[in-house]
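Below is one structure, written out as structure tokens, with a few remarks after it.
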Amino acid sequence: MVRLPFGLILLTAAACCTAVADEIPLPPLRPFPYADRSTSANAPAAESLTSEPSECRKRLELLAEITPIPLVKGPGACGGDDMVRLDAVRLDDRRRISVMPPPMLRCSMAAALADWIRDDVAPSVSALGATLRSVDNFGDYECRGRNRIAGAKLSEHGKGNAIDIRGFALDNGRTVKLTDVTVSVDFRTALRTSACARFTTVLGPGSDGFHNNHIHLDLAERHNGYRICEWDVNTPAAQSSSAAAASVPLPMPKPEALRLQPASPSKL
Ligand SMILES: [Zn+2]
């Protein structure tokens, strides 16, 4: 036993003989896994890991590199069980597509994202003559209301059921942004089509003004399987002048789910 000048007692033989640095009191352990991005009010209560791997998690482990996350509970209705951190997706040729930074999502959402990356994004990037390297995650789990308004309806982000994607990094060093009007229209149209088939909410440019630089994807459940697909694949000409903008077809009428809240366009 070694008594240090400031009264700290090291009880193990191993601890007694290590470097001086070990004698410095360590900071408190950070809550796993996302202490750096959590405020105290937003920090999930980390409890035990979901005991039995769900069928979703078992399947996802075959397609991706994931880290199971301790049960996320609260504050309020935030959180959920069967959450994972999606570190990377594996393609059939074993290439590793990282998601940067790795998102924290409930398993069903992570699996939908992994399927989209494997079956739609990677082939679409290949059609450009490039190779997909990573996915640019702009936002995942976060306990907040829509549009970041306290008291507003809970965002799907607060349930780990949503992700915001800006674009992709390619092996050639280039990046492609999904909202960049100079990126191939066919490429963006194909990804819009596939995203709207896989996710129940897709919001991009033209939706509500909060999604001009990224695409929001979620698996919100609605009555009668109602889906929202609002992502205008704009072209440089469409943005070049108001006259040109006026010539493009009007967007489809807002779905009822959004029309019911016209006064507060929401960043979902
Ligand atoms: Zn979002």
Side-chain angles (χ1 to χ4, degrees), residues 34 36-39 41-42 44 69 72 75-80 83-86 89 99-117 120-121 134-168 175-180 188 191-222 226-234 251 254-255 257-268:
Y34 280 148
D36 288 343
R37 66 166 66 175
S38 299
T39 64
N42 200 33
I69 287 179
V72 178
C78 285
M83 301 275 276
V84 300
R85 188 183 71 200
L86 180 63
V89 174
V99 186
M100 301 292 290
M104 176 174 166
L105 300 168
R106 65 178 57 195
C107 185
S108 53
M109 181 62 197
L113 179 63
D115 287 338
W116 187 56
I117 293 170
D120 296 312
V121 176
S134 65
V135 177
D136 179 6
N137 165 26
F138 193 47
D140 47 280
Y141 174 77
E142 184 180 359
C143 184
R144 62 172 171 83
R146 291 184 181 182
N147 206 18
R148 301 183 184 278
I149 296 175
K153 184 177 178 182
L154 180 65
S155 167
E156 292 297 315
H157 284 282
K159 306 173 193 173
N161 207 27
I163 190 167
D164 298 325
I165 302 289
R166 270 192 301 204
F168 311 106
T175 59
V176 287
K177 291 192 170 148
L178 289 170
T179 56
D180 182 348
R188 287 179 289 138
L191 290 184
R192 178 184 63 183
T193 301
S194 59
C196 289
R198 293 183 180 277
F199 301 95
T200 58
T201 311
V202 177
L203 297 175
S207 58
D208 60 8
F210 291 98
H211 298 84
N212 290 330
N213 67 346
H214 68 277
I215 306 300
H216 168 101
L217 309 171
D218 74 42
L219 286 176
E221 295 181 8
R222 300 185 186 88
Y226 195 84
R227 307 169 82 96
I228 297 174
C229 175
E230 295 191 353
W231 170 2
D232 291 346
V233 177
N234 294 320
K254 296 282 195 230
L258 291 183
R259 274 191 273 117
L260 290 174
Q261 307 156 18
S264 56
S266 302
K267 183 175 181 182
L268 300 178

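Note that ligands are numbered from 1 as they come in the structure, with each ligand's atoms numbered from 1 the same way.
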**Prompt:** Is any N, O or S atom of His157 under 2.8 Å away from the Zn ion (ligand 1)?
**Reply:** yes
**Prompt:** Can you name the one residue among Leu86, Val99, Leu105 that meets side chain to side chain contact (heavy atoms under 4.5 Å, CB included) with Asp140?
**Reply:** Leu105
**Message:** Set out, in order, the CA-CA distance, both residues' side-chain angles and the distance that settles side-chain contact (heavy atoms from CB on, under 4.5 Å) for Thr179 and Asn212, then state yes or no.
**Reply:** CA-CA 7 Å; Thr179 56; Asn212 290 330; over 6 Å; no
**Request:** Sequence neighbours left out, what passes side-chain contact (heavy atoms from CB on, under 4.5 Å) with Lys159? Give chain and number order.
**Result:** Arg106, Leu154, Glu156, Asn161
**Asked** Can you list the residues that meet the side-chain contact (heavy atoms from CB on, under 4.5 Å) rule with Ala111, with sequence neighbours excluded?
**Response** Cys56, Arg59, Leu60
**Request:** Flag Asp164 as yes if one of its N/O/S atoms falls below 2.8 Å of the Zn ion (ligand 1), otherwise no.
**Result:** yes
**Message:** Regarding His216, does it place an N, O or S atom less than 2.8 Å from the Zn ion (ligand 1)?
**Reply:** yes
